[in-house]
2 protein chains.
Amino acid sequence: MSRPRDAAATRAALLDAATKLFGERGFDRTTVRDIANLAGVNQALLFRYYGSKDALFATVLATQSRELLEDSPAEHLLRTVLLRMLEEKPRREDHPLYAVLRSSHHDSAAEVVRRQLGEEYARALASLTDAEDAELRADLVLAWIVGIGVLRTVFGKQPLAAANSEDVAALVTRAASVLLEHTDVG
Amino acid sequence: MSRPRDAAATRAALLDAATKLFGERGFDRTTVRDIANLAGVNQALLFRYYGSKDALFATVLATQSRELLEDSPAEHLLRTVLLRMLEEKPRREDHPLYAVLRSSHHDSAAEVVRRQLGEEYARALASLTDAEDAELRADLVLAWIVGIGVLRTVFGKQPLAAANSEDVAALVTRAASVLLEHTDVG
DNA sequence: CCCCCATGTAAGCAGTCGCTTACATCCGAC
DNA sequence: GTCGGATGTAAGCGACTGCTTACATGGGGG
């Protein structure tokens with residue numbers, strides 16, 4: 001009646017369950033027992049395969065970040081990330097921002113944001129303008145994306161949470177272009 | 001050697017300590033013992049005067065929100081709130097967003113954001129434009145403010161975290177005006 | 001003066017947490 | 001077949017949590 005023993009499958013089930021729960025509840029409100037139950041696995045195995053709750057969390061973030069940034073040219077990055085954030089039924093387990101936003105105090109989470117979002121998103125965005133404060137402007141655009149995600153998924157702020165993705169994307173890209181478009185002022 | 005007994009002062013000390021710690025660490029990572037210690041008060045008094053940790057948290061949010069929104073005409077609200085968020089040495093205990101951002105999963109926190117930020121900030125912002133999707137545009141501006149706060153204070157994202165407040169405010173208000181200024185399109 | 005209640009204190013309860021340990025069970029190598 | 005390591009399980013440890021209870025203490029009103 002029980003499935004055959006398969007360490008790889010058990011590891012994967014734990015990672016999937018952890019990704020889902022960390023994204024939904026954040027680090028603190030997710031217990032190792034919750035993760036093991038959702039994975040249908042004994043909780044001692046979590047420690048056998050990942051060592052600690054912290055290490056599992058770090059693995060979740062690393063895996064998600066790697067997947068998200070795989071392929072997206074700089075010119076379309078803003079729109080890609082924005083639309084991903086605006087999906088009608090957000091699959092929280094797919095976007096590292098969700099886990100990060102709900103675990104923002106956690107060292108691993110803050111580090112991932114600074115490094116991954118900083119060096120990837122922001123650099124790509126900064127390449128779109130030649131203003132001397134390009135990186136600051138890129139940070140502001142990134143802040144907007146993050147803020148939209150917070151209001152939509154964490155706080156459920158209406159009407160933003162229920163708004164049409166394309167409408168939102170149109171408004172944001174138009175205003176953001178004021179920051180990112182080619183400028184020749186010093 | 002001990003200060004005279006004063007219930008009001010004890011209540012106030014607990015509220016101050018809770019405001020500071022909730023703003024710095026969020027709800028989950030702040031213990032009632034931490035609060036009582038910082039207030040220099042026995043932890044049983046926290047329950048005598050506030051009933052529960054939840055109720056104390058709600059009191060903190062209510063007090064902060066009341067103070068923040070006291071006096072700020074709609075025309076200057078964006079700039080006021082933005083500059084407040086951008087203060088060089090942010091006094092976390094002064095801005096309800098800090099406690100809220102670090103406790104975003106908490107029912108009281110999410111409710112305060114939806115109601116207080118929704119019905120006050122957003123309505124004031126929405127009054128600045130006559131576009132038919134005024135409220136959505138106002139939400140987007142609010143999202144920007146929230147996102148800037150997250151990147152600066154939660155994640156410490158550079159260069160935004162160290163940027164000059166006036167510079168940031170100038171960039172943001174200019175881009176936000178694209179959303180909020182008078183429009184005559186349908 | 002003294003009594004009583006507001007105020008403050010010490011101790012601990014029941015539950016949950018991350019994590020460990022000791023043990024069962026399965027399966028491939030030989 | 002059988003042996004041994006990989007895999008899975010049950011139980012519980014020690015620490016910490018929010019909260020309660022039983023008790024000490026002090027100061028103002030009769």
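By convention in this document, chain letters (A, B, ...) are assigned in the order of the sequence lines, proteins followed by strands, and residues within each chain are numbered from 1.
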* Asked: Between Asn42(A) and Leu46(B), who's closer to the 5' end of DNA chain D by nearest nucleotide?
  ->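 Taking each residue's closest nucleotide, the earlier one in sequence belongs to Asn42(A).
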* Would you classify Ala7(B) as touching base, sugar-phosphate or nothing, given that sugar-phosphate means primed atoms plus P, OP1 and OP2, and contacts are heavy atoms under 4.0 Å? =>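 Counting heavy atoms under 4.0 Å across all strands, the contact made by Ala7(B) is with sugar-phosphate only.
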* Asked: Within the structure shown, what part of the strands sits under 4.0 Å from Tyr50(B) by heavy-atom distance: base, sugar-phosphate, or nothing?
  ->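 No contact.
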Tell me whether [X] contacts the main-chain N or O of [Y] through its side chain, where contact means a donor paired with an acceptor under 3.5 Å.
{"X": "Lys157(B)", "Y": "Val150(B)", "value": "no"}
{"X": "Trp144(B)", "Y": "Val141(A)", "value": "no"}
{"X": "Tyr50(B)", "Y": "Arg11(B)", "value": "yes"}

For the pair made of [atom1] in [X] and [atom2] in [N], what is the distance, rounded to whole Å?
{"X": "Asn37(B)", "N": "dT17(D)", "atom1": "CG", "atom2": "P", "answer": "11 Å"}
{"X": "Arg29(A)", "N": "dC17(C)", "atom1": "CZ", "atom2": "P", "answer": "11 Å"}
{"X": "Leu45(A)", "N": "dC19(C)", "atom1": "CG", "atom2": "P", "answer": "15 Å"}
{"X": "Asp6(A)", "N": "dG8(D)", "atom1": "CG", "atom2": "C1'", "answer": "13 Å"}
{"X": "Asp28(B)", "N": "dG18(C)", "atom1": "CG", "atom2": "C1'", "answer": "16 Å"}
{"X": "Arg25(A)", "N": "dC17(C)", "atom1": "CZ", "atom2": "C1'", "answer": "14 Å"}
{"X": "Tyr49(B)", "N": "dA6(C)", "atom1": "OH", "atom2": "P", "answer": "10 Å"}

* **Polar side-chain contact Arg5(A)-dT25(C) base: donor and acceptor under 3.5 Å** =>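 Yes, the side chain and the base share a sub-3.5 Å donor-acceptor pair.
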* Asked: Does the dG8(D) base have a donor-acceptor partner in the side chain of Arg48(A) within less than 3.5 Å?
  ->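 Per atom types, the contact qualifies.
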Out of [options], whichever nucleotide has its closest atom nearest the side chain of [X]:
{"X": "Phe47(B)", "options": "dA10(D), dT20(D), dT7(C)", "value": "dT20(D)"}
{"X": "Thr31(A)", "options": "dT9(D), dC17(C), dT7(D)", "value": "dC17(C)"}
{"X": "Lys53(B)", "options": "dT21(C), dC19(D), dA10(C)", "value": "dC19(D)"}
{"X": "Arg33(B)", "options": "dT9(C), dG18(D), dG8(D)", "value": "dG18(D)"}

* Asked: Which pair of non-hydrogen atoms, one from Leu160(A) and one from Arg152(A), has the smallest distance, and what is that distance?
  ->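 Of all heavy-atom pairs spanning Leu160(A) and Arg152(A), the closest is O-NH1, 3.2 Å.
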* Residue-phosphate contact under 4.0 Å: Thr10(B) side-chain N/O, dG8(C) OP1/OP2 ->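 Yes, because at least one side-chain N or O of Thr10(B) sits under 4.0 Å from OP1 or OP2 of dG8(C).
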* Asked: Start at the 5' end of DNA chain C and walk down; is the nucleotide closest to Gln43(B) or to Gln43(A) reached first?
  ->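 Counting from the 5' end, the first nearest nucleotide belongs to Gln43(B).
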* To do: Using the closest heavy atom to pick a nucleotide of DNA chain C for each, name whichever of Ala44(B) or Val32(A) lands nearer the 5' end.
  =>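 Its nucleotide being nearer the 5' end, the pick is Ala44(B).
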* Asked: Strictly by modelled atom types, are Asp16(B) and Thr19(B) linked by a side-chain donor-acceptor pair under 3.5 Å?
  ->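 No - no donor-acceptor pair under 3.5 Å links their side chains.
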